[in-house]
Amino acid sequence: MTTAAQTGTIESKSDKNARTAQGGATTVSGGSTGATEPAATRGRTSIADVVVVKIAGMAAREIPGVYDMGGGLSRTFGAVRDRVPGGRPNVGRGVKVEVGERQTAIDLDLVVEYGVPIADLARDVRENVIDAVERISGLEVVEVNITVNDVHLPDDEDPERPVEARVE
């Protein structure tokens, strides 16, 4: 991922320091104060980075052909965590974001189903992620970088499904 310092398009160093002081939250609207201001503009709205991660993760998983997300090691740990009683699936697995005051850049690591055209899948994922993040958060998405880490083959063993015995 290109850093904000390299591009200068996402946030300045002072913006990043201010965001860090807020605990990873990003200001979407500065707002104003005073009883004479309209109610809708009184105050400031901040969005934590994890919010963008979850929105992007959910939007990517909605596209048919995305089998899983994350690299091999993170998928392994995720599978273990998902089996623990009370554990929840991590929708942020395979998603990295860089969030500025008004913009965000997103990196996704995908595992695709065999036979799905990767270029078409990447386009659909990119469009869905951009639409969801911009619609829900109000942040402008400057880029969505997609890395396809693996292809799920039909013969791959799925730990969710029981393996049929070959002999009786």
Side-chain angles (χ1 to χ4, degrees), residues 1-32 38-75 77-79 81-82 88-152:
M1 175 185 281
T2 306
T3 64
Q6 292 170 327
T7 63
T9 59
I10 297 177
E11 64 186 338
S12 68
K13 190 168 189 125
S14 62
D15 293 338
K16 187 168 188 134
N17 291 340
R19 183 171 57 83
T20 303
Q22 297 172 7
T26 299
T27 302
V28 175
S29 64
S32 54
T41 62
R42 292 184 202 169
R44 181 177 60 210
T45 302
S46 298
I47 298 174
D49 295 1
V50 70
V51 173
V52 177
V53 166
K54 288 181 178 183
I55 294 168
M58 290 296 294
R61 285 175 170 79
E62 290 175 352
I63 303 302
V66 174
Y67 177 76
D68 201 357
M69 294 182 65
L73 190 57
S74 71
R75 286 195 326 266
F77 284 134
R81 182 181 19 211
D82 293 348
R88 291 180 283 166
N90 181 2
V91 296
R93 183 174 60 230
V95 182
K96 296 178 196 129
V97 301
E98 197 170 323
V99 182
E101 276 190 45
R102 293 178 192 86
Q103 297 177 324
T104 185
I106 302 167
D107 289 341
L108 303 172
D109 293 332
L110 303 179
V111 178
V112 301
E113 292 282 354
Y114 175 77
V116 175
I118 294 173
D120 295 342
L121 177 74
R123 183 192 66 241
D124 293 345
V125 167
R126 191 172 283 114
E127 288 175 355
N128 202 46
V129 167
I130 289 171
D131 177 60
V133 170
E134 288 183 346
R135 180 176 38 83
I136 296 170
S137 73
L139 295 168
E140 176 189 0
V141 178
V142 294
E143 65 182 10
V144 176
N145 300 310
I146 296 174
T147 302
V148 177
N149 286 326
D150 201 358
V151 174
H152 178 256

A.B. asks: If I take atom CD1 from residue Ile63 and atom CG from residue Asp124, how far apart are they, to the nearest 0.5 angstrom?
C.D. replies: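 Interatomic distance, Ile63 CD1 to Asp124 CG, rounded to 0.5 Å: 5.5 Å.
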A.B. asks: To the nearest 0.5 Å, what is the distance between CE (Met69) and CG (Asn149)?
C.D. replies: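 Spacing of CE (Met69) from CG (Asn149) equals 10.0 Å.
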A.B. asks: To check you understand the geometry: which heavy-atom pair defines the closest contact between Val116 and Gly65, and what is its length?
C.D. replies: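 Closest heavy-atom pair between Val116 and Gly65: CG2-CA, 3.9 Å.
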A.B. asks: Do any pairs count as a side-chain hydrogen bond (donor to acceptor under 3.5 Å, both in side chains) and have a residue in residues 126-135, sequence neighbours left out, and if so which ones?
C.D. replies: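 Pairs touching residues 126-135 that pass the test: Glu62-Asn128.
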A.B. asks: Kindly indicate whether the side chain of Asn145, heavy atoms from C-beta on, has any atom under 4.5 Å from the side chain of Thr147.
C.D. replies: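 When only atoms from C-beta onward are counted, Thr147 and Asn145 do not touch, as no gap falls below 4.5 Å.
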A.B. asks: Hey, which of Val52, Asp49, Ile47 is the one that makes side-chain contact (heavy atoms from CB on, under 4.5 Å) with Thr104?
C.D. replies: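 Running side-chain contact (heavy atoms from CB on, under 4.5 Å) over Val52, Asp49, Ile47 with Thr104 returns exactly one hit, Val52.
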A.B. asks: Please identify which of these residues, Asp68, Val66, Val111, Val112, meets the side-chain contact (heavy atoms from CB on, under 4.5 Å) condition with His152.
C.D. replies: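 When side-chain contact (heavy atoms from CB on, under 4.5 Å) is applied between His152 and each of Asp68, Val66, Val111, Val112, only Val111 qualifies.
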A.B. asks: Specify the closest pair of heavy atoms between Val95 and Gly57, including all atoms of both residues, with the distance to one decimal.
C.D. replies: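 Heavy atoms of Val95 and Gly57 come nearest at CG2-CA, 3.8 Å.
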A.B. asks: Take Val129 and Val141 through the side chain to side chain contact (heavy atoms under 4.5 Å, CB included) test and state the conclusion after the steps.
C.D. replies: CA-CA 9 Å; Val129 167; Val141 178; 5.8 Å; no
A.B. asks: Within the structure provided, determine whether Glu143 and Glu98 are in side-chain contact (heavy-atom separation under 4.5 Å).
C.D. replies: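 A side-chain contact is absent here, since even the closest heavy-atom pair is not under 4.5 Å.
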A.B. asks: Do Ile106 and Val133 make a side-chain contact, defined as non-hydrogen atoms from C-beta onward lying under 4.5 Å apart?
C.D. replies: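 A side-chain contact under 4.5 Å exists here.
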